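This structure is a prediction, so every number in the text was calculated from the model and none was measured.
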Amino acid sequence: MSKTLITTFSENLIAWHARSGRSGLPWQGNRDPYAVWVSEVMLQQTQVATVLERYPRFMKRFPTVQKLAKAHIDDVLAEWAGLGYYSRARNLHACAQQVMKEFGGQFPSDPVMLEQLKGIGRSTAGAIAAFAFHKRAPILDANVKRILARLFGVEGAMQEKVINDRLWKLATDILPVKPKDMPVYTQALMDFGATWCTARKPVCLGHEKKCPFEKSCQANLSNQVLSLPQKIVKAKSPEFDCDMLLIRSGNSILLQKRPSKAIWGGLWSLPESVWVAKSPSRKTTPSIQNLFAAALPEEKASPWLRVCKTAQAGPQIKHVFTHRRLWMQIWYVSTSKLVEPGNEKLKWVPLKQLGRYGLPQPIKVLLQGLSLARGGDLKN
DNA sequence: AAGGCGGGGAA
DNA sequence: TTCCCAGCCTT
């Protein structure tokens, strides 16, 4: 590997950033550790375009680490709804309380200390330390992994420990010498990976722009740009069926709080059956009694079984996750009076208040269609 | 080391 | 459809 590349990289990258870096993003130029932290977590595995709308909203609702720490987790999850990876929201809330309790409301500046906090891994710790405290701490997100793998011709799967260690070492070796350069340098790395050294259409393979590293990039010199970093072949995601109960009484819907460990953890959703592997022969309508028993607690003593007479089949909704495909069969149920939930995980929610709850995206879409429909039957 | 955990945009 | 993304946590 080239010594000169290592020593000149940060300077050249910062020069590139002055010409071609992104600017005007709402979280840029902010040295408030709280603001930096929220943006870094929100941007984990999430596109800039998505965060662009959601970040200002979140900051307006929870302007300080104190206010976030004091908030109810349901309100944090409601604000996070639609962003995905909800453990981020749960950890964000827990981390805010950690910062209040263990650090007197001030984020630590040492990346090693930051990494001890909930939901902050090594890369996010590095980003916060660099942006908020000008620490010479490296980041290693997907952008940086791609840049380094290409620049230094690193072959092998990114999740292999040996490869990962090599990349962290490289990321550390190429840091700028002056701490004050860390914010612009870190931003430049992200910008370069996101806009020039991209996964599918890197500028070195086009004709319009000239990459400042074309003469020193191992992947470019050996015509391996698109094959680095090495891609991992993933198995086809498994498919599941489940039934969901849309129980309505007047203008209220019965929602159920989801367990925090599972998918959509901590969000409010419809009572649902167990997920079963999708089988092509699954055409029989489930016994509605069994469905209630599976979806609702204390089935024997519960009055719920009495309201099931009116159950009607609703739409079947397909939802695609990164690692799952789910077919949700909706069942409409009407009951004239509000049955006591008899369980703190269950709650009647007026249609007009649904916006206050953190709902899984497909459920939100389903219920929005409902609210827009004229009153009366759910099956309009 | 591998798998779980969302959602949207791009190709 | 599949791939990709400012990753982290658990097992």
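For the pair Leu43(A) CG and dC5(C) C1', the computed distance is 10 Å after rounding to whole Å. Rounded to whole Å, atom P of dC8(C) lies 15 Å from atom CD of Gln98(A). Following rounding to the nearest Å, Ile128(A) (CD1) and dG7(C) (P) show an atom-to-atom distance of 13 Å. Following rounding to the nearest Å, Glu115(A) (CD) and dC8(C) (P) show an atom-to-atom distance of 8 Å. dC5(C) atom C1' lies 12 Å from atom NZ of Lys145(A), rounded to whole Å. The interatomic distance linking Asn164(A) (CG) with dC8(C) (C1') rounds to 13 Å, in whole Å. Rounding to whole angstrom units, CH2 of residue Trp80(A) and C1' of dC5(B) are separated by 13 Å. Nucleotide dC5(B) holds its P atom 12 Å from the NZ atom of Lys261(A), rounded to whole Å.
For Thr322(A) against Ser237(A), the heavy-atom pair with the smallest separation is O-CB, 4.2 Å. Closest approach of Asp32(A) and Asn30(A) over heavy atoms only: N-OD1, 2.8 Å.
Using P as the reference atom, dA6(C) and dC5(B) are 23 Å apart when rounded to the nearest Å. Only the P atoms considered, dG6(B) is 16 Å distant from dT11(C), to the nearest whole Å.
Ala127(A) comes within 4.0 angstrom of no nucleic acid atom, judged by non-hydrogen atoms across all strands. If you check every strand for non-hydrogen atoms under 4.0 Å, Arg90(A) touches nothing. As judged by a 4.0 angstrom heavy-atom cut-off over every strand, Trp37(A) is placed among residues making no nucleic acid contact. Within the 4.0 angstrom heavy-atom criterion, base atoms lie near Gln187(A).
Taking for each of Glu40(A) and Gly119(A) the nucleotide of DNA chain C with the nearest heavy atom, the 5'-most of the two is the partner of Glu40(A). The 5' end of DNA chain C is approached more closely, in terms of each residue's nearest nucleotide, by Ala199(A) than by the other of Ala199(A) and Gly121(A).
Sorted by first and then second residue, the ring-ring contact (aromatic ring centres under 6.0 Å, His included) pairs involving residues 107-140 of chain A (not counting sequence neighbours) are Trp37(A)-Phe107(A).
Residues from residues 232-240 of chain A that place a heavy atom under 4.0 Å from any atom of DNA chain C: there are none.
Below 30°, between 30° and 60°, or above 60°: for Trp16(A) and Trp196(A) the angle between ring planes is above 60°, a perpendicular geometry. Between Phe213(A) and Phe192(A), the angle of the ring planes goes over 60°, which puts this pair in the perpendicular group of the 30/60° scheme.
A salt bridge links Arg258(A) with Glu272(A): the distance from a Lys NZ or Arg NE/NH1/NH2 to an Asp or Glu carboxylate oxygen falls below 4.0 Å.
The hydrophobic cluster containing Val225(A) does not contain Leu5(A), counting ILVMFWY residues as joined when their side-chain heavy atoms lie under 4.5 angstrom apart, directly or transitively.
Checking Arg54(A) against Thr46(A) by side-chain atom types alone, no donor-acceptor pair falls below 3.5 Å.
Aromatic ring centres of Trp80(A) and His93(A) lie farther apart than the 6.0 Å criterion allows.
OP1 or OP2 of dT1(C) has at least one side-chain nitrogen or oxygen of Lys318(A) nearer than 4.0 Å.
For Ser123(A), whose side chain is taken as the heavy atoms from C-beta onward, the closest listed nucleotide among dC8(C), dA6(C), dC4(C) is dC8(C).
The base of dA6(C) lies outside donor-acceptor range of the side chain of Arg146(A), with no N or O pair under 3.5 Å.
Under the side-chain hydrogen bond (donor to acceptor under 3.5 Å, both in side chains) rule, Lys169(A) has a single partner from Asp165(A), Asp173(A), Thr172(A), which is Asp173(A).
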- Contact pattern, 5' to 3', of nucleotides 6-11 of chain B - B, S or - by protein heavy atom under 4.0 Å: BBBS-S

